[in-house]
Amino acid sequence: MSDDFNYIEEFLKDPEGCLDSFWDCEALMWVDWRSEDDYILDLFNERLAEEDQIAFEVSDGYDNIFIIRNGEKNRIPYKDTGWERDVTVRAAAECIQPKYQLRHFTGSAGTDGGAFCIIPTEEWKQLEERFGAEFTEKYFAPVKPDSVIFGC
């Protein structure tokens with residue numbers, strides 16, 4: 001099991017008692033709502049094995065980010081000029097599946113950012129088997145195509 005799995009497992013054993021220590025643990029990746037979107041992808045890549053990292057390219061004076069997979073470049077579908085944190089986070093989540101899952105730590109809701117965890121999908125399944133899917137997702141919501149974390 002990964003270190004992040006162990007942090008998450010300990011938190012789920014006693015969410016109320018562990019909240020303060022979990023808030024500062026290494027399993028969480030904090031993204032400020034003002035973070036640049038390439039920073040978000042770099043941050044997520046720090047948690048992925050080198051061969052699983054998200055390849056991307058920034059172009060057009062930072063107006064576009066392209067995800068590169070299997071030799072194809074696909075633009076992250078921002079609605080307007082500029083970047084949108086939610087769109088980038090959803091694109092990253094899609095990119096790392098099915099091997100990994102990106103989840104939003106719901107305890108970070110209401111802050112000026114969001115905290116995320118990435119661990120292998122198999123490890124999330126083990127946590128859901130032990131603690132129940134509903135309980136696990138109460139604290140660690142899977143990032144889905146319609147997820148809104150930053151309000152955009």
Side-chain angles (χ1 to χ4, degrees), residues 1-58 65-70 74 76-79 82-152:
M1 295 302 129
S2 67
D3 288 342
D4 289 351
F5 172 90
N6 293 329
Y7 285 122
I8 294 166
E9 180 182 43
E10 286 303 309
F11 173 81
L12 289 172
K13 287 178 185 176
D14 181 18
E16 297 303 316
C18 294
L19 184 59
D20 288 340
S21 61
F22 188 73
W23 195 264
D24 295 320
C25 84
E26 294 177 14
L28 292 178
M29 296 172 290
W30 286 90
V31 175
D32 186 273
W33 71 271
R34 296 169 300 240
S35 295
E36 300 212 1
D37 290 53
D38 58 338
Y39 165 82
I40 295 169
L41 296 173
D42 284 335
L43 181 67
F44 293 165
N45 276 341
E46 291 176 10
R47 299 302 170 96
L48 300 169
E50 188 173 340
E51 64 273 9
D52 299 325
Q53 291 183 355
I54 302 165
F56 68 95
E57 179 181 296
V58 178
I65 296 180
F66 294 87
I67 301 286
I68 304 164
R69 286 182 17 183
N70 303 322
N74 293 299
I76 295 179
Y78 301 116
K79 293 177 190 168
W83 299 353
E84 303 163 28
R85 264 54 63 218
D86 284 333
V87 177
T88 300
V89 169
R90 291 190 300 256
E94 179 184 332
C95 213
I96 63 173
Q97 292 176 355
K99 189 172 181 179
Y100 298 91
Q101 280 188 15
L102 174 64
R103 296 201 180 191
H104 174 234
F105 174 56
T106 59
S108 66
T111 66
D112 63 351
F116 300 89
C117 298
I118 294 175
I119 60 174
T121 300
E122 288 304 314
E123 291 183 4
W124 284 116
K125 286 180 183 177
Q126 289 176 29
L127 291 168
E128 288 177 344
E129 287 172 10
R130 178 162 183 203
F131 298 101
E134 185 176 331
F135 183 79
T136 302
E137 290 181 12
K138 174 182 176 183
Y139 295 101
F140 300 95
V143 175
K144 299 177 180 177
D146 61 347
S147 293
V148 176
I149 296 146
F150 299 97
C152 51

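Values below: all heavy atoms of this structure, side chains included; hydrogens, waters and symmetry mates excluded.
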If you look only at distance, which donor and acceptor atoms sit under 3.5 Å apart when one is on a side chain in residues 16-24 and the other is two or more places apart or in another chain?
residue: S21; atom: OG; partner: C18; partner atom: O; Å: 3.1

Got a sec, which residues hit ring pair (Phe, Tyr, Trp, His ring centres under 6.0 Å) with Y139, two or more places apart in sequence or on another chain?
->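 Applying ring pair (Phe, Tyr, Trp, His ring centres under 6.0 Å) to Y139 gives F11, F135.
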
Apply the test side chain to side chain contact (heavy atoms under 4.5 Å, CB included) to residues S2 and E123: give CA-CA distance (whole Å), side-chain angles for both, the deciding distance (0.1 Å), then the verdict.
-> CA-CA 8 Å; S2 67; E123 291 183 4; 2.8 Å; yes

Kindly say whether I67 contributes a backbone atom to a donor-acceptor pair with the side chain of N74 at under 3.5 angstrom?
->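 Such a contact is absent between N74 side chain and I67 backbone.
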
Main-chain N/O of C117 paired to R47 side chain as donor or acceptor, under 3.5 Å =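 Checking the backbone N and O of C117 against the side chain of R47, no donor-acceptor pair under 3.5 Å is found.
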
Flag the pair [X] / [Y] as yes when at least one side-chain heavy-atom distance between them is below 4.5 Å, and no otherwise.
X: V89; Y: I149; result: yes
X: P145; Y: E94; result: no
X: F140; Y: L127; result: no

About how many Å separate [atom2] of [Y] and [atom1] of [X], when rounded to the nearest 0.5 Å?
X: E129; Y: T136; atom1: CD; atom2: OG1; value: 10.0 Å
X: Y78; Y: D37; atom1: OH; atom2: CG; value: 4.0 Å
X: I96; Y: T121; atom1: CD1; atom2: OG1; value: 7.5 Å
X: Y39; Y: F44; atom1: OH; atom2: CZ; value: 9.5 Å
X: D42; Y: I54; atom1: CG; atom2: CD1; value: 9.5 Å
X: I76; Y: I65; atom1: CD1; atom2: CD1; value: 4.5 Å

Contacts of type side chain to side chain contact (heavy atoms under 4.5 Å, CB included), residue I68, not counting sequence neighbours |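 By the side chain to side chain contact (heavy atoms under 4.5 Å, CB included) rule, I68 matches A55, E57, K73.
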
With A115, which residues qualify under side chain to side chain contact (heavy atoms under 4.5 Å, CB included), at least two apart?
->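 In terms of side chain to side chain contact (heavy atoms under 4.5 Å, CB included), with neighbours along the sequence ignored, A115 is linked to L28, W30, F105, S108.
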
The criterion is salt bridge (Lys or Arg N to Asp or Glu O under 4.0 Å); which residues satisfy it with [X], sequence neighbours excluded?
X: K125; answer: E122
X: E10; answer: K13
X: R130; answer: E9

Which heavy atom in [X] sits nearest to a heavy atom in [Y], and how many Å separate them?
X: R69; Y: C95; value: NH1-CA, 2.9 Å
X: M29; Y: L102; value: CE-CD1, 4.4 Å
X: D4; Y: I118; value: OD2-O, 4.0 Å

Residue list, side chain to side chain donor-acceptor pair (under 3.5 Å) with [X], at least two apart or on another chain:
X: Q53; result: none
X: K99; result: D52
X: D32; result: R34
X: Q101; result: R103

May I ask you to check whether over 12 heavy atoms, not counting those of E50, lie within 6.0 Å of atom CD?
->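 12 or below, so no.
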
Side chain to side chain contact (heavy atoms under 4.5 Å, CB included), paired with E84, selected from V87, T88, D86 =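 Single pass found, and it is V87.
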
